[in-house]
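Structure first, commentary second.
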There are 2 protein chains.
Amino acid sequence: MVNIEAVELDGIFYALADPTRRQILKMLGEQTRSITELAEPFRMTLAAVSKHIKVLERAKLVKRTKQGRVHQCELDAAPLAKAEECIRFYQDFWNERLDALALYLEREPNAGKKRK
Amino acid sequence: MVNIEAVELDGIFYALADPTRRQILKMLGEQTRSITELAEPFRMTLAAVSKHIKVLERAKLVKRTKQGRVHQCELDAAPLAKAEECIRFYQDFWNERLDALALYLEREPNAGKKRK
DNA sequence: CTAATTGTCAACCATTTGGTTTAATATGTA
DNA sequence: TACATATTAAACCAAATGGTTGACAATTAG
């Protein structure tokens with residue numbers, strides 16, 4: 001029994017865990033670009049960038065459309081909503097715990113102090 | 001010239017890209033737990049879970065305090081703010097682009113149609 | 001003191017990753 | 001046709017990843 005949602009998150013977070021891929025996303029935020037254009041700022045081969053883009057495609061963060069021999073890449077930020085939701089989940093739980101702790105300390109003024 | 005901020009993001013997203021580690025974070029959202037307690041739900045050795053926890057510590061998402069022989073782990077969701085901010089960045093740019101496109105299509109009603 | 005418990009460490013292993021190089025495919029241009 | 005351009009594919013490589021096992025250290029319990 002594998003969690004589909006989880007597998008998606010794996011791919012999205014994995015895609016985001018690399019600075020090259022994050023920069024590619026940034027570039028695509030401005031405008032659609034070809035593979036060669038995307039590769040231009042990096043000190044690595046086109047083939048390497050091509051692989052990075054495939055990772056982003058697997059995570060569904062990038063959509064590709066072929067126009068003749070050039071592949072135009074487009075950002076699709078929609079899947080990021082899942083990642084954000086996931087992160088929020090941890091933050092929310094964490095904040096609740098902190099609130100509960102603060103309340104506890106307020107009611108038991110000596111709770112945090114060391115015993116003699 | 002390495003970007004410090006970027007290195008942090010690498011670690012955070014990398015930590016989040018594994019379902020075991022995400023589940024550990026979830027467990028720690030509820031309450032502080034020991035390594036053994038954290039390992040209990042998983043079908044892997046304690047040593048493996050121990051490694052996962054170290055990854056979370058490197059990303060500063062988990063803080064450890066030793067009480068006798070048991071290591072209590074605590075969630076620190078604060079660094080997640082950076083990850084969220086990063087994600088929001090892509091989303092914002094993306095939304096702007098979509099808005100611009102919508103505006104363009106509104107002004108040029110024939111823009112999207114094929115030429116004869 | 002002797003067990004048992006909690007956890008890490010080091011060595012090992014198969015697989016994946018991020019990169020390279022070289023060749024191949026597909027499309028456009030002279 | 002021949003050549004250049006845009007991109008992928010395949011083979012390869014070193015390093016990192018996710019897991020195991022067995023030995024070790026530290027703490028607690030009997």
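Remember, it's a predicted structure, so these values are computed and weren't measured experimentally. Letters A, B, ... mirror the listed sequences (proteins, then strands); counts begin at 1.
- Using a 4.0 Å cut-off between a side-chain N of Lys or Arg and a carboxylate O of Asp or Glu, Glu8(A) and Lys82(A) qualify as a salt bridge.
- Atom CD1 in Ile35(B) sits roughly 12 Å away from atom P in dT6(C) (whole-Å rounding).
- Remark: C1' of dT20(C) and CZ of Phe42(A) are 17 Å apart, rounded to the nearest angstrom.
- Closest approach to the Lys51(B) side chain among dA11(C), dA9(D), dT7(D) is made by dA11(C) (side chain taken as heavy atoms from C-beta onward).
- Residue Arg21(B) has a polar side-chain atom (N or O) positioned under 4.0 Å from OP1 or OP2 of dG18(D).
- Counting to the nearest Å, the C1' atom of dG19(D) and the CD1 atom of Ile53(B) are 15 Å from each other.
- Between the P atom of dT17(C) and the CG atom of Asp10(A) lies a distance of 11 Å, rounded to the nearest Å.
- Between Met44(A) and Gly68(A), the one whose closest nucleotide on DNA chain C sits nearer the 5' end is Met44(A).
- Of the candidates dT8(C), dT20(D), dG18(C), dT8(C) carries the atom nearest the Lys54(B) side chain, counting heavy atoms from C-beta on.
- The phosphate of dG18(D) (OP1 or OP2) has a side-chain N or O of Tyr14(B) nearer than 4.0 angstrom.
- Counting to the nearest Å, the P atom of dT21(D) and the CG atom of Leu46(B) are 13 Å from each other.
- Thr45(A) comes within 4.0 angstrom of a nucleotide base, judged by non-hydrogen atoms across all strands.
- Taking both residues in full, the closest heavy atoms of Ala83(B) and Ile12(B) are given as CB-CG2, 3.9 Å, listed atom of the first, atom of the second, then distance.
- Not a single donor-acceptor contact under 3.5 angstrom links the side-chain atoms of Arg69(B) to the base of dT6(C).
- When each of Ser34(A) and Ala48(B) is assigned the nucleotide of DNA chain D with its nearest heavy atom, Ser34(A) is the one assigned upstream, toward the 5' end.
- Distance CZ (Arg43(A)) to P (dG19(C)): 11 Å, rounded to an integer number of Å.
- Pair assignment for dA3(C) gives none, since no Watson-Crick or G-U wobble pairing has each distance under 3.5 Å.
- Using a 4.0 Å cut-off between charged nitrogen and carboxylate oxygen, Arg88(A) and Glu84(B) count as a salt-bridge pair.
- You'll find the side chain of Leu38(A) reaches within 4.5 Å of the side chain of Leu28(A), heavy atoms only.
- Shown here, dT16(C) forms a base pair with dA15(D); the pair counts as Watson-Crick or G-U wobble because both key distances fall under 3.5 Å.
- With a 4.5 Å cut-off on side-chain heavy atoms, Ser34(B) and Gln67(B) do not count as touching.
- Rounded to a whole Å, the CZ atom of Arg58(A) is 7 Å from the P atom of dT17(C).
- Between Gln72(A) atom CD and dT27(C) atom C1' there is a gap of 15 Å when expressed in whole angstrom units.
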